[in-house]
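The structure appears below as structure tokens.
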Protein chains: 2
Amino acid sequence: MVNISDVARAAGVSPSTVSRVLNQPDIVTPDKRDRVLAAIARLNYQPSTFARGLRRGTFETLALLVGDIAQPFHGRLAKAVELAAEEKGYSVLLCDLDHRQDRLVGFLRSLPKRGIDGILIATADNLDVPAVHEALTAFLAQDIAAVTTSQHLQSVPVPAVVVDRTAAAHDATRHLLDLGRWPVAFLGGGASAYSQRLADGYRAGCRDAGHRTQPRLMLDGGFQTEPAMRAVAALLAEGTIPEGIVAANVPMALGALRALAERDLDVPDDVAIIVCEDVPVAAYMRPSLTCVSTDLDAYGRRAVDTLLAAVAGHDVPRVTVLPHTLILRDSAPAAVPPPGS
Amino acid sequence: MVNISDVARAAGVSPSTVSRVLNQPDIVTPDKRDRVLAAIARLNYQPSTFARGLRRGTFETLALLVGDIAQPFHGRLAKAVELAAEEKGYSVLLCDLDHRQDRLVGFLRSLPKRGIDGILIATADNLDVPAVHEALTAFLAQDIAAVTTSQHLQSVPVPAVVVDRTAAAHDATRHLLDLGRWPVAFLGGGASAYSQRLADGYRAGCRDAGHRTQPRLMLDGGFQTEPAMRAVAALLAEGTIPEGIVAANVPMALGALRALAERDLDVPDDVAIIVCEDVPVAAYMRPSLTCVSTDLDAYGRRAVDTLLAAVAGHDVPRVTVLPHTLILRDSAPAAVPPPGS
DNA sequence: CTGAAAGCGCTTACAG
DNA sequence: CTGAAAGCGCTTACAG
């Protein structure tokens, strides 16, 4: 790579002047400025981000810690984040957690030495556990900005950019109940805070409609298709056929669809399904999936903007809530008679 | 962040000695070595990757240029790449091309200044076009290693780690023909080299079985669900009902499924579908999708290994071909009578 | 306005 | 074996 001295030599000035042309151009005589600019263009000079970063202490790089980039929601969000960051001149380091706590802790330990300016934590896994809390605290002590999506941390002061999951699940549940469906099962991901928040909304939705929730209707599908399928199959096998299912994510909704199909249950006629996230593929499945949807491009942009504001040392809101809307599709349309009628 | 001088002071040695403990430990007296190691542990010191990189000229960072991280195949491959790279101590910069040539060219121009050691180009978009060729040549001139997946470049000496797409499409086509299906349509992505390679395999498969391919059976679905749906719908509207469809990717297969459903055509009874890639979701759709599959973890690992070998200056094979297998699922099972029988 | 100098945090010949 | 010095490619007070 051509460096600043090459350019200086070519333009007949000192390296300092080349640097000034790049950073404070008005300080430089037009004559020299033009010569430098010409040399830069001719040699195709680009200042090394890291030599510059070493001096300035900022590398224009963010890290995205994602639960599982292979999941459609995360992939779609990662895309939005990358595009938004790139627009601001930042690069994005991809860190796939593979839903493993040891990986998260490892990244929190190793990322500071990589000179990143901030991290975005996008995982539904619970961060409010001692090991993560400790690693996160040590991380933040090094004055690197952090923002989470998908959860609002209790124990550590990290700003969150989130959808109100409780409200989303509440709306989803109400939609099924308004369709006259009951019982309605909840297909979540076990004890994670994220899943608990959805479960709260589900319970509230049931309560508001005068229904009593039952533990056996709270299914643990581990956020994955396969275990979700088994959880729904187990519910059916024990004799309960729910008239609706609120699924936390699309892969689990797929698992539910398969389990229902094996028992020849129709969606939405026998069982209506609604999902608490939206991804492109949801619109194209059969039946297409009714979802609580958020504009993921806006989500990614907002998360990046918040993180960059924090990087710049500005005060940022402790929590930013993005709007969500119900997208009606075939798995739980605007109106469909309950199976008994 | 604590730096090497802090450690040196704490251990009562010079920074040089600390550096040696890290890089050539046997050169250092055990006594001092232990003191330094203790100080490192106590202060939780980690040498800055970029200060080190500035000296050494290597930053232990790879860039992954991906056509669209939101597509399931790319997301799954990105995961494999990230895990493999991290295992070798490398970080991965995520660069989403959004299938736009200007973004690809922009990344090729801007990545060198970011001090990456190599790039992995994972896109089905055609790279053998003048603008990209020029940018790629300028990129390679800076002595940064590059590897492509998914295509073998004609014009530039970049090693490729690929599945033999022609053979894959050939096998896929033959499977449908062996089922007694004809006509069989090909659902590809227009003029891209990637799609052309698949089309070649499709044509060869037809030819081998004694069928004459017809241009109207070659559909352009642009690698996306929506246009694929329109392309299949158009074929049906014009009166042709294929007994089988070879789809280049899963999103297009979804589009085909929808178009067929709208005409009440059953899969696989009326129309069998086979896809030339495999992603987790394919197994869980209804009908589940028969696919030509490749172990994506092995794929990612192989791509990273090849790239790192190139970074290290070793000779690497111009092209590495990974094996593929047919995964039989419901959309084109082992045996199903043709619709006419 | 501009150049020479110092320094960001490392590594590695160079003396000793 | 070890420290002082130089240098990776920048930026920015500091003189002038």
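Proteins come first, then strands; the chains are lettered A, B, ... in the order of their sequence lines, and each starts at number 1.
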Checklist entry - Atom CG of A/Asn23 and atom C1' of D/dG9: how far apart are they, to the nearest Å? => result 13 Å
Checklist entry - Can you check the B/Arg114 CZ to D/dG9 P distance for me, whole Å? => result 18 Å
Checklist entry - How many Å lie between CE on B/Met1 and C1' on C/dG9, as a whole number? => result 11 Å
Checklist entry - C/dG9, C/dG3, D/dC10: which one has an atom nearest the side-chain heavy atoms of A/Thr17? => result C/dG3
Checklist entry - Counting side-chain heavy atoms from CB outward, which of C/dC1, C/dC8, C/dA4 is closest to A/Leu54? => result C/dC8
Next on the checklist: Does a side-chain N or O of B/Thr29 approach OP1 or OP2 of D/dT2 to a distance below 4.0 Å, or not?
Outcome noted: yes
Checklist entry - Separation of A/Phe50 atom CZ from C/dC8 atom C1', in whole Å? => result 14 Å
Checklist entry - Going by an N to O cut-off under 4.0 Å, is there a salt bridge joining B/Arg100 and B/Asp68? => result no
Checklist entry - Is any side-chain N or O of B/Lys32 closer than 4.0 Å to OP1 or OP2 of D/dC1? => result no
Item to check | Closest heavy-atom pair and its distance - A/Leu65, A/Phe107 | outcome: CD2-CB, 4.2 Å
Next on the checklist: Please report the distance, rounded to the nearest Å, between CZ in B/Phe59 and P in D/dC8.
Outcome noted: 13 Å
Checklist outcome for this item: Taking C/dT11, D/dG3, D/dC14 as options, the one with an atom nearest any side-chain atom of B/Ile4 is C/dT11
Next on the checklist: Whole angstroms only, please: what is the CZ-P distance between A/Arg56 and D/dA13?
Outcome noted: 12 Å
Checklist entry - Can you tell me how far P of C/dC1 sits from CG of A/Asp26, to the nearest Å? => result 9 Å
Item to check | Length of the CZ-C1' vector between B/Arg20 and D/dA4, whole Å | outcome: 10 Å
Next on the checklist: If you compare all heavy atoms of B/Leu77 against all heavy atoms of B/Ala122, which two are closest, and at what distance to 0.1 Å?
Outcome noted: CD2-CB, 4.2 Å
Checklist outcome for this item: Against the side chain of A/Ser16, the closest entry in D/dC10, D/dT11, C/dA5 is C/dA5
Checklist entry - With respect to the side chain of A/Ser48, which nucleotide from D/dG9, D/dT12, C/dC10 is positioned closest? => result D/dG9
Next on the checklist: Does C/dG7 have its OP1 or OP2 closer than 4.0 Å to a side-chain nitrogen or oxygen of A/Arg55?
Outcome noted: no
Checklist outcome for this item: Picking from C/dT11, D/dT2, D/dG3, the nucleotide nearest the side-chain atoms of B/Ile27 would be D/dT2
Checklist entry - Does B/Ser19 have a side-chain nitrogen or oxygen under 4.0 Å from the phosphate oxygens OP1 or OP2 of C/dT11? => result yes
Item to check | Minimum heavy-atom distance B/Asn23-B/Pro25, with the two atoms named | outcome: C-CD, 3.5 Å
Item to check | Watson-Crick or G-U wobble mate for C/dT2, both contacts under 3.5 Å | outcome: D/dA15
Item to check | B/Glu82 and A/Arg103 ion-paired at < 4.0 Å | outcome: yes
